[in-house]
Each structure stands twice: as structure tokens, then as C-alpha cells.
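Before any comments, here is the structure.
Numbering of ligands and ligand atoms starts at 1, following listing order. From a predicted model like this one, the values you see are computed outputs, not experimental measurements.
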Amino acid sequence: MTGVTDRTETAGSPAPTPTDAAPAVDPRAAERSAVIDLAAIAHNVGALRARVAPAALMAVVKADAYGHGMLPVATAALDAGADWLGVAHVSEALTLRRAGIDAPVLAWLHTPGTDFAAAVGAGIDLGVSGWELEPIAAAAAAAGRTARVHLKIDTGLGRNGCTAEQWPGLVRAALEHEAAGRVRLVGVFSHLAVADEPDRPETDAQVAAFRAAVAVAEDAGARLEARHLANSPAILTRPDTHFDLVRAGVSLYGLSPLPGVTSADLGLAPAMTLRAAVANVKHVPAGQGVSYGLRYRTGAASALALVPLGYADGVPRIAADAPVLVGGHRHRVAGRIAMDQFVVDLVDPVPADPAALLGTDAVLFGDPATGAPAVEEWADAAQTINYEIVTHIGDRVPRVYRGDEAGR
Ligand SMILES: *Cc1c(COP(=O)(O)O)cnc(C)c1O
């Protein structure tokens, strides 16, 4: 995708005039930003659709689109051919509707305090594991509307979802509400537990349990439009899980859900680049201590670059030793990551003119095709997964969008 050093039309450009179609550039963005490549999102939608056709594609945009920004990503994904949007919370779905997005949206994680009336009023599809059915039907009846529901069967994950034992009763209740016009039983779905480990046998058992649950619903008279089971790892490894619709989260953002398999291996383009302008650079002698605790000392005379991103921005504090691209070379985090900043030891090579690096980009991660470290390298350094790294990048880091052909 686009190069990480070429950001003239985003972070470095003057603020657009009010008549410009493009959104205003956040004045903070020259200093620090997460650059989101919407062309990468579009590319990933196309790649995933090609894999799963004729099944439809749900773009999962919960958690502010895994930290990438919900509205720009949802719009780009729909423009690129995504059929559905998926979120955890009704509040997230309502944000999409308030922005004028009228594509099918499914929300699946509720509590008794969830505003089902607002959801039904906004035409949001609702996941139902059991208890939700009656309050949803009541909200629909009160509004004189028909609620669209997807019944969730627990096929083994042990989180949300109806047990197999209670499933026939839940199906029957939903079909009674459907006959009365309060509910439309649109779909049946479930969620996989170990699809990121393709050799494990539990996925076979989950697929079999899902087929059985679908059969119970269809035998009872359900006219289902959407049977859906697959998350990103299942999309990429298990075509037998694709059914009518797949739910793509991390793969939509160009990241691999499979250990040891890269984005490039999967034909996906990472959409987020996390970068900041170098805030200070200086020559130091061998033995210079770095950051709180002085846990790091330079091994030889070198230069230290200060990067103005820290754990308050979602950069994991334990990721000491993670790679950072400075001046076109890969270097490593030196010493403790602090709240607002961390230090990079510029060795191998020590730059000839460190002062020239002041204000240039330090790239924490991005698309490795551009020379940036992979987000998975940060995940490994922080003993976590790529999902957690991108979703943690905080609000203090402005998102900058590029690659949006529609000029939105
Ligand atoms: C988050 C989520 C997904 C997306 O999972 P990925 O592994 O990111 O593709 C799909 N389905 C449900 C129910 C989810 O909660």
C-alpha cells in the first residue's frame, strides 16, 4: 500500500478551507498519528469477498473498528462491497445509523439495560441468546414494528449463545413472535473458539453442532436468510464454515489471525500505521542510562531518539525491545516506555547526522511492504496479539485517513 514516509497530503498539509470536501486535518496529526489507509480496507474487503463468495461479507467494526475509526472504515468497507456491518453493542450500531449508514447492522452483546426500543426503531438486527427475545419482542410491539433477530447457539465457546438443550424452545418462541408480526427470525449464528489453531478438532464439533441447530430451526419452520459462523481465522482456513455470511474483523484491517502467518501470506494489507515525529535526538557516550529505572544502558557511543508516544496512547509499557523505524533504519526501544514517550537507541548504524532526524517520522508499525515493522512484532514484544495492539491505540492519537478515492 502507500508509503509511510509520504504523508504530505495528510499530516503535513495546511488545514483545508471550509469549502473542501475532505475532512479537516487534525492539527495534532503532524506530531503523532495513526494513519489509516482506506484503500487497504477496500483491498481487504475485495480479497475476503473473493475467498468467501457466494457467501456475503459482514465487516466487523466494533471497538471503533479495532481502533481504526468506525465511520470511515464502515463507509469504505460498504463502498468496497461489504454487505453487512457487525458490532458488539447497540450503542455502536446507533452511532452508525446516526451517521446515515442504512446497511444491515447486527449487534450481539446486550444487557438488560440495552435500549432495545432504540435498536428496533433504527432497524438494527439483534443477536439473541435467550433472555433478550422477550424484551425485544415487547419493544417491537410497543413501537408497532417488527424486530429483526438472529438466534445465537452456543456450539462450544461457552460465552453467549443458547444451550442445545434450550434451543428448540427459543426457536419456537421466536417463531411464535414472528407469526404475530413482532419479530422476523432473520438468522442463526454462533462463534468459534479455536479457529486460529486449524489443527484442533473442536472446530469440527462446533460446525456439526451449528448444522444441527440450523436444522432444528428450519425443521420448525424458520425461513433463514443468514446462517453465519466464521470469524477471520475460519474465513481463511475453513471454507466449510462460510455458510451464507461471514464476519470479518481483524482480517478486514489487513492483520493475520493465524500465528506464524503474515498479512502478505494471506494477501491482506495492514491498514494502520502508527508513527510520530521524533521529538529530540542527541549523541550520548557508552553507558548512558535510559528512562525510568535505568534498566537500559547504551553499549557504545550512540544517538538516542525520543518518540512522543507512550502507554497513555496505548503503546504497551512492557514492549521494551520492540522495533521502530527511524531514519529508514530499524532500531529498538531502549529502556522503559513511559506515559507519553519512549527512547530509541540509534545503533547499527549510528546516524552520521542525528540532528537531521529531529521531526522526521518514527514508525512503530505499519505495512511491512513499506519497510515498517509489523504490528505482530509489537504484539510479540508485549506478549499479546495484534488485535490488542491496534484496539488499544488511544484517543490522544488522531486518526488520519488516506487512500479514500471517494474523497470523503
Ligand atoms: C469480534 C467478533 C468477530 C470478528 O472476529 P475476528 O477474529 O476479528 O474476525 C466475529 N464474530 C463475533 C461474534 C465477534 O464478537
>> What I want to check is whether the side chains of H191 and R247 have a donor and an acceptor closer together than 3.5 Å.
In response: yes

>> Residues around ligand 1, heavy atom under 4.0 Å from any ligand atom, sorted by chain and number. Can you pull those?
In response: K62, Y66, W108, H191, N231, S232, P233, R247, A248, G249, V250, Y387

> Looking only at heavy atoms, which two atoms of W378 and I337 are closest? And how far apart?
Replying inline: CZ3-CD1, 4.1 Å

> For the rings on W108 and H228, is their centre-to-centre separation under 6.0 Å?
Replying inline: no

>> So, taking the atom named CZ in F365 and the one named CD in E377, what distance separates them when rounded to the nearest 0.5 Å?
In response: 11.5 Å

> Which of these passes salt bridge (charged side-chain N to carboxylate O under 4.0 Å, His left out) with D313: R396, R275, R28?
Replying inline: R396

> Could you give the distance from CZ (R98) to CG (L71), rounded to the nearest 0.5 Å?
Replying inline: 10.0 Å

